[in-house]
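Reading through the structure tokens given below for one structure.
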Amino acid sequence: MSPLILNLILRSTYQTLEMVLASTAISVVLGLPLALFMLTTGPQGLYRLPFAARLMGMIVDALRAVPFIILLVLLIPITRFIAGTSLGTEAAIVPLSIAGIPYFARIAEMALREVDPGLVDAVKAMGGTRFTIIRSVLIAEAMPGLISGLTVTLITMVGASAMAGAIGAGGLGDLAIRYGYQRFNTTVMFGVVAVLIIMVSLMQIAGNTLARWLKH
Amino acid sequence: MTPILDIQNVTHSFGKHTALRNISFSVQQGEVVGLIGRSGAGKSTLLRCLCALERPQEGRILLDGEDLTTQPERRLVQVRRKIGLVFQHFNLLNSRTVAGNIALPLQISGCSKKQQAPRIAELLELVGLKGFEKKYPSQLSGGQKQRVGIARALAANPTLLLCDEATSALDPESTTSILNLLADINRKLGLTIVLITHEMEVVRRFAQRILVLDHGELVEDGTLLDFLKTNEQSATLKTLLADIRPTLPHFLATELCATQKEAGYKTTIRLLLGEAGSHAPLFSQLYQKFSVQTALLQGGVTTIGQHLSGDMIITLEGDQTLQALDYLKTVTQSMEILGYVPSHP
């Protein structure tokens, strides 16, 4: 493997990591409140706003229904508005995040739903405020599940970031398509696949370890 | 003395189903009251009303003189901090250590970290879990979890402790130790305790007064001894008491005759003894006074609350049996002739 190719793979890996980490971080920061909103405004929730819960659910489902490759194109004007350009690694973070937020929100909502309602009742009966219940019961108790959800989102973002190559985002997927597929360079193709396998495996191992540790 | 808890004409329904119908009772400071009823009797609804999680549609609930039914939600959040609740399934946070769980009500009431540590140590000592601070609930047995649950319920110095089927998920050994712990807490701290349960055995051992709930109505209010004495028991009471009363074993019950057919049949009676009767040398008195031989078939002397009480089935044999029966009527709480059984070798 020539130093040139090695350099290409290294730079692409860096670009992929940048897109994946940034979009996952945004997905978690905005997706978790969204999940809490959907759960607590639901029929058994702490705030009970059934109409708002249903509306938000519909928006989330609609976003998740659009295939990511279409979403990328559809979102170009919004991307241009937020990032100033629709091309490049930084710009790709916008559509990746917009796809990631509802994705993580649904997974987080499931994890939060698994929390024993008896615990919510117990803390309510103790005179805990709704804020205390959300922080000390819902989030704290769902933490292992939330971490697992984060791992899944992270890995999904690795896959999605490859597609972002279509709008010139760079990254490993882009490299594999341009050098491996279009120029028949099998070395690059295998190199990229190897890096992706290692990246995903490491993410899964780290996620599992953290979730298990949090389970006590 | 004004009662610590005063329930006046509470009625609550869910849609068409009336869960509670005109319930009234009061609990004095330091009292241990057992609230018993079958599933669906309205226990859970009443409990949710008592701990201010549910607002009854009619009636008043006065806790320490304050009417909970008219207070705004903001105030109820404060009131709940003064009511300790112990749950059937413990409801401990798995994400927190034992100390963290006990600290939760302290955090809620705005206690600083510095004040929390000594209080937690003191509570763990009280419930017999010294040195368990750093353990997680998943590392504890059922009985230990419930001890943590009790420590947590006591943390914020409640005026009232509500126990919701606190021993129903525990094995007999842990049940005994948890009930003893609750009795200790009642004695040491003078804390008022309301036990909600479907098991007569639990209230027998420990409640000073028993309330019986059936189909949303309060059908009985009294001590267990009162209940045992009443001959015309309600159907609910009869089923509840059946669990703890001695009964003739099946093979003897089939031999039981209503009249004395022939000589050699022994008179079988059920006796209920109060505190004095339980301490008295009753059987030897019967022999000395009437030359009547006594045999114990079932039952014996047990504790009800803080008192001894006898509930037993015995047979009498002798020429002066009738006189002995008259005598027993005067010295026992109640005496009931069940019939006659043939003598066994």
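The chains referred to below are lettered A, B, ... by the order of the sequence lines, with proteins before strands, and numbering in each begins at 1. The basis for the numbers below is simple: all heavy atoms, side chains too, and nothing from hydrogens, waters or symmetry mates.
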Is the number of heavy atoms from other residues, nucleotides or ligands within 6.0 Å of [atom1] ([X]) greater than 12?
X      : atom1 : result
B:K82  : NZ    : yes
A:Y47  : OH    : yes
A:F131 : CZ    : no
A:Q44  : CD    : no

For the residue pair [X] and [Y], establish whether any side-chain heavy-atom pair is separated by less than 4.5 Å.
X      : Y      : answer
A:D121 : B:R48  : yes
A:H216 : B:N94  : no
A:V123 : B:I108 : yes

Point to revise | Choice from A:A125, A:G128, A:P144, A:A140 maximising heavy atom contacts with chain B below 4.5 Å | key: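 Greatest number of close heavy-atom pairs with chain B: A:A125.
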Check your understanding: Of all of A:A122, A:G118, A:G127, which one pairs up most often with chain B through heavy atoms under 4.5 Å apart?
Key ->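 Ranked by heavy-atom pairs under 4.5 Å with chain B, first place is A:G127.
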Check your understanding: Under a 4.5 Å heavy-atom cut-off, does chain B meet the side chain of A:S136, its backbone, both or neither?
Key ->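 When you check distances to chain B, atoms from both the backbone and side chain of A:S136 fall under 4.5 Å.
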Point to revise | Interchain contact, A:M126 with chain B, by part (heavy-atom threshold 4.5 Å) | key: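 The answer is both parts of A:M126.
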Review point. Given a strict heavy-atom distance threshold of 4.5 Å, which part of B:I83 is in contact with chain A: side chain, backbone, both, or neither?
Key: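 Contact with chain A: backbone only.
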Exercise for review: Check whether B:L76 gets within reach of chain A through its side chain, its backbone, both or neither, counting any heavy atom under 4.5 Å.
Suggested key: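 Contact with chain A: none, neither part.
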